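Everything on this sheet refers to the single structure shown next.
All values reported here derive from a predicted model rather than from experimental measurement.
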Amino acid sequence: MSPDSPLPARLAEPPITRGRKTPGVDLTDAAAQADMKRMRAYRLGRFRAQLKARDYAGAVLYDPINIRYATGSRNMAVWTLHNAARYAFVPTEGPIVLFDFHNCEHLSDGIETIAEVRPACGWYFFSAGPRLEEKAKRWAAEIADLVKAHGGGNKRLAMDHCDPAGVAALAAHGIEMTDAQGPIEYARVIKSDDELICMNASISVCEAGMARMRDALRAGMTENELWAVLHHTNIAMGGEWIETRLLASGGRTNPWFQECSDRIIRAGELVSFDTDLIGPFGYCADLSRSFFCGPGRPTDEQKRIYGLAYEQIHFNIDLIKPGMGFREVSEKSFRLPNSCAANRYSVVFHGVGLCDEYPHGAYLQDYAKGGYDGELQPGMTICVESYIGEVGGNEGVKLEQQVLITDSGLELLSTFPFETDLLPSRWL
């Protein structure tokens, strides 16, 4: 579709049910609605089904996102993303053993998925120093014993992360290492009703922060000061962290992916941002918006690029249906004007759960270098993306909506309003 083509009559208000989330949801109420024990059982069951289908004895997980999905346990998630201080042995059949950081065994009390908690054997360099190989061998011996006890003679073990010393140490015990990231991302792709309750709670917190950002936006404040409003709201309302620093103003909005800075926001500028927020219960709210900083009125050029982004995101939301292939979506998706194609976003859509995850819906022109196909299924949650910034242009607009794929179409999960002052008259 050309950006100048007549719009389908249904485009401005796509036929999407807005049903699962009440803005400003009480998180206590969300926790009461979601059955956490049932959710943990569902997630572990899906992961174990993937392991069984591949004939793996089990998996060792280091990524805190994966540990949380498979067990429901968390501890210092951001720190353990870069310090391999915590891991879980998840057999395809048998008891889960969590290996936790120094004196942290009590943190998983009451989590029924975990049969035993042991002290972790940290063989990352910060912890092990020149004794790294010695500690890696000790770690491998303990893991090999668990595989022997619960693998039924199967020595195929999936892992999401393992440095060379660990690979060699496991091989010495006859362990065949395979990949755990693919199986767990396939498991994560279909959300249960309990997961959707938790995700909607995160979205509500995120949207509360976005509303406060809009209220706080003033000429003379810095990008960092505005971004801090979202962080404060997330932490104050029980959220966990934000994955990026993607907020920019004025000329820093084009091209995209400049992180927020101490630049002073000026009147008459656009401010664009992408939340990438990990909120309550560990679920991601990945929404994007662009605001206008007053006083004053948006220019015709600002309205034009905002209108293109608005058109793109609504066209693609209206397009996507269950059963469509990833490539089919890309082939039929909104066609960017040539002036914006080089600055296109990295994806047309992507999966979302405990973080951004499978699938990755590439633009058609990017398939040859890294795109892949698959099928959109009911129960998937995805984010539909738009970035409009012309090559050589001054500003750019970032918009993004989070949706659930249902048996009949899409359900909009994000409900934060768009900016009527930035919309061209044909949308009003």
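Here the straight-line distance linking atom SG of C260 with atom CD of E225 works out to 11.0 Å at 0.5 Å rounding. Atom CE of M380 and atom CD1 of I405 lie 6.0 Å apart (nearest 0.5 Å). Atom CG of L410 is separated from atom CD of Q402 by 12.5 Å, given to the nearest 0.5 angstrom. Taken from CZ in F416 to CE in M213, the straight-line distance is 9.0 Å, to the nearest 0.5 Å. Interatomic distance, D63 CG to Q181 CD, rounded to the nearest 0.5 Å: 6.0 Å.
Of the possible polar contacts, one joining the T253 side chain to the G396 backbone as a donor-acceptor pair under 3.5 Å is found. In terms of modelled atom types and a separation under 3.5 Å, the side chain of T275 and the main chain of A285 share a donor-acceptor contact. Without hydrogens or angle criteria, S272 side chain to S290 main chain gives no donor-acceptor distance under 3.5 Å. Under a 3.5 Å cut-off, the side chain of N316 and the backbone N or O of S333 do not form any donor-acceptor pair. In this structure a side-chain-to-backbone donor-acceptor pair under 3.5 Å is missing from E390 to S339. Side chain of S192 to backbone of M39: no donor-acceptor contact under 3.5 angstrom is found.
Applying the salt bridge (Lys or Arg N to Asp or Glu O under 4.0 Å) criterion to E269, with sequence neighbours excluded, gives R263. Listed by chain and residue number, Y358 satisfy the ring-ring contact (aromatic ring centres under 6.0 Å, His included) test with Y372 (two or more places apart in sequence, or in another chain). Applying the ring-ring contact (aromatic ring centres under 6.0 Å, His included) test to F418 and every residue at least two apart in sequence or in another chain returns Y310, H314. Under the side-chain hydrogen bond (donor to acceptor under 3.5 Å, both in side chains) criterion, D366 pairs with R344, sequence neighbours left out. Considering only residues two or more places apart in sequence or on other chains, Q302 meets the side-chain contact (heavy atoms from CB on, under 4.5 Å) condition with L270, F292, P298, T299, E395, L422. Considering only residues two or more places apart in sequence or on other chains, Y367 meets the ring-ring contact (aromatic ring centres under 6.0 Å, His included) condition with none of them. In terms of the salt bridge (Lys or Arg N to Asp or Glu O under 4.0 Å) criterion, R46 has no residue partners (sequence neighbours excluded). Applying the salt bridge (Lys or Arg N to Asp or Glu O under 4.0 Å) test to R40 and every residue at least two apart in sequence or in another chain returns E112. Not counting sequence neighbours, Y283 has no partner by the ring-ring contact (aromatic ring centres under 6.0 Å, His included) test. Listed by chain and residue number, nothing satisfies the salt bridge (Lys or Arg N to Asp or Glu O under 4.0 Å) test with E243 (two or more places apart in sequence, or in another chain).
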Test side-chain contact (heavy atoms from CB on, under 4.5 Å) on T222 and I265; report intermediate values, then the result.
CA-CA 6 Å; T222 67; I265 301 169; over 6 Å; no
Verdict with supporting geometry, T178 and L157, side-chain contact (heavy atoms from CB on, under 4.5 Å)
CA-CA 6 Å; T178 59; L157 180 68; 5.9 Å; no
Checking L399 against R289 for the side-chain contact (heavy atoms from CB on, under 4.5 Å) test, could you report, in this order, the C-alpha distance in whole Å, the side-chain angles of both residues, the deciding distance, and whether it holds?
CA-CA 5 Å; L399 301 178; R289 290 293 187 269; 4.2 Å; yes
Verdict with supporting geometry, R214 and E419, salt bridge (Lys or Arg N to Asp or Glu O under 4.0 Å):
CA-CA 10 Å; R214 181 199 269 159; E419 303 301 302; 2.5 Å; yes
Start with the C-alpha distance between S202 and F281, add both sets of side-chain angles, then the distance that settles side-chain contact (heavy atoms from CB on, under 4.5 Å), and finish with yes or no.
CA-CA 8 Å; S202 285; F281 314 109; 5.5 Å; no
Please walk me through it: do E207 and T415 pass side-chain hydrogen bond (donor to acceptor under 3.5 Å, both in side chains)?
CA-CA 8 Å; E207 292 184 340; T415 60; 3.1 Å; yes
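Nearest heavy-atom pair across V90 and L51 is O-CD1, 4.0 Å. Nearest approach of A309 to V397, heavy atoms of both residues: CB-CG1, 3.6 Å. The nearest pair of heavy atoms linking K135 to S127 is NZ-OG, 3.5 Å. G294 approaches A219 most closely through the heavy-atom pair O-CB, 4.0 Å. Among all heavy-atom pairs drawn from C198 and M36, the shortest one is SG-CE, 3.8 Å. Pairing each heavy atom of Q50 with each of P183, the nearest pair is CG-O, 3.3 Å.
Look at R68 and E240 and you find a salt bridge, because one of the NZ, NE, NH1 or NH2 atoms lies within 4.0 Å of a carboxylate O, short of that distance. Ion pairing between a basic and an acidic side chain is recognised when a charged N comes within 4.0 Å of a carboxylate O; E311 and R426 show such pairing. Of the charged side-chain nitrogens involved, none lies within less than 4.0 Å of a carboxylate oxygen, so that K321 and E328 do not count as a salt-bridged pair.
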Hey, can you pull the donor-acceptor pairs under 3.5 Å for the side chains in residues 80-88, sequence neighbours left out?
{"unit_1": "T80", "atom_1": "OG1", "unit_2": "M76", "atom_2": "O", "d": "3.0"}
{"unit_1": "T80", "atom_1": "OG1", "unit_2": "A77", "atom_2": "O", "d": "3.2"}
{"unit_1": "N83", "atom_1": "ND2", "unit_2": "W79", "atom_2": "O", "d": "3.3"}
{"unit_1": "R86", "atom_1": "NE", "unit_2": "D100", "atom_2": "OD1", "d": "2.8"}
{"unit_1": "R86", "atom_1": "NE", "unit_2": "D100", "atom_2": "OD2", "d": "3.1"}
{"unit_1": "R86", "atom_1": "NH2", "unit_2": "S73", "atom_2": "OG", "d": "2.5"}
{"unit_1": "R86", "atom_1": "NH2", "unit_2": "D100", "atom_2": "OD2", "d": "3.4"}
{"unit_1": "Y87", "atom_1": "OH", "unit_2": "C121", "atom_2": "N", "d": "3.0"}

Distance-only donor-acceptor hits, side chain of residues 227-234, under 3.5 Å, sequence neighbours excluded:
{"unit_1": "W227", "atom_1": "NE1", "unit_2": "H231", "atom_2": "NE2", "d": "3.2"}
{"unit_1": "T233", "atom_1": "OG1", "unit_2": "R212", "atom_2": "NH1", "d": "3.3"}
{"unit_1": "T233", "atom_1": "OG1", "unit_2": "V229", "atom_2": "O", "d": "2.9"}
{"unit_1": "N234", "atom_1": "ND2", "unit_2": "I278", "atom_2": "O", "d": "3.3"}

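For D109, the CG atom sits in a packed shell: over 12 heavy atoms of surrounding residues, nucleotides or ligands are nearer than 6.0 Å. Dense packing is recorded around CG of D215, with more than 12 heavy atoms of other residues, nucleotides or ligands lying under 6.0 Å away. Within 6.0 Å of CZ on R74 lie no more than 12 heavy atoms contributed by other residues, nucleotides or ligands.
For the residue pair N66 and D160, a side-chain donor N or O sits within less than 3.5 Å of a side-chain acceptor on the partner. Side-chain N/O atoms of N254 and N394 include no donor and acceptor closer than 3.5 Å. With 3.5 Å as the limit, one finds no donor-acceptor pair spanning the side chains of Q312 and R335. With 3.5 Å as the limit, one finds no donor-acceptor pair spanning the side chains of T406 and E411. A donor atom on one side chain and an acceptor atom on the other are not found under 3.5 Å apart for E400 and S386.
Judged by the 6.0 Å distance and 45° axis criteria, K398 is not positioned over the aromatic ring of F273.
Test L354, D194, L404, T381 against M199 for side-chain contact (heavy atoms from CB on, under 4.5 Å) and you get one pass: T381.
The aromatic rings of Y345 and F257 sit parallel, their planes meeting at an angle under 30°, below the 60° perpendicular limit.
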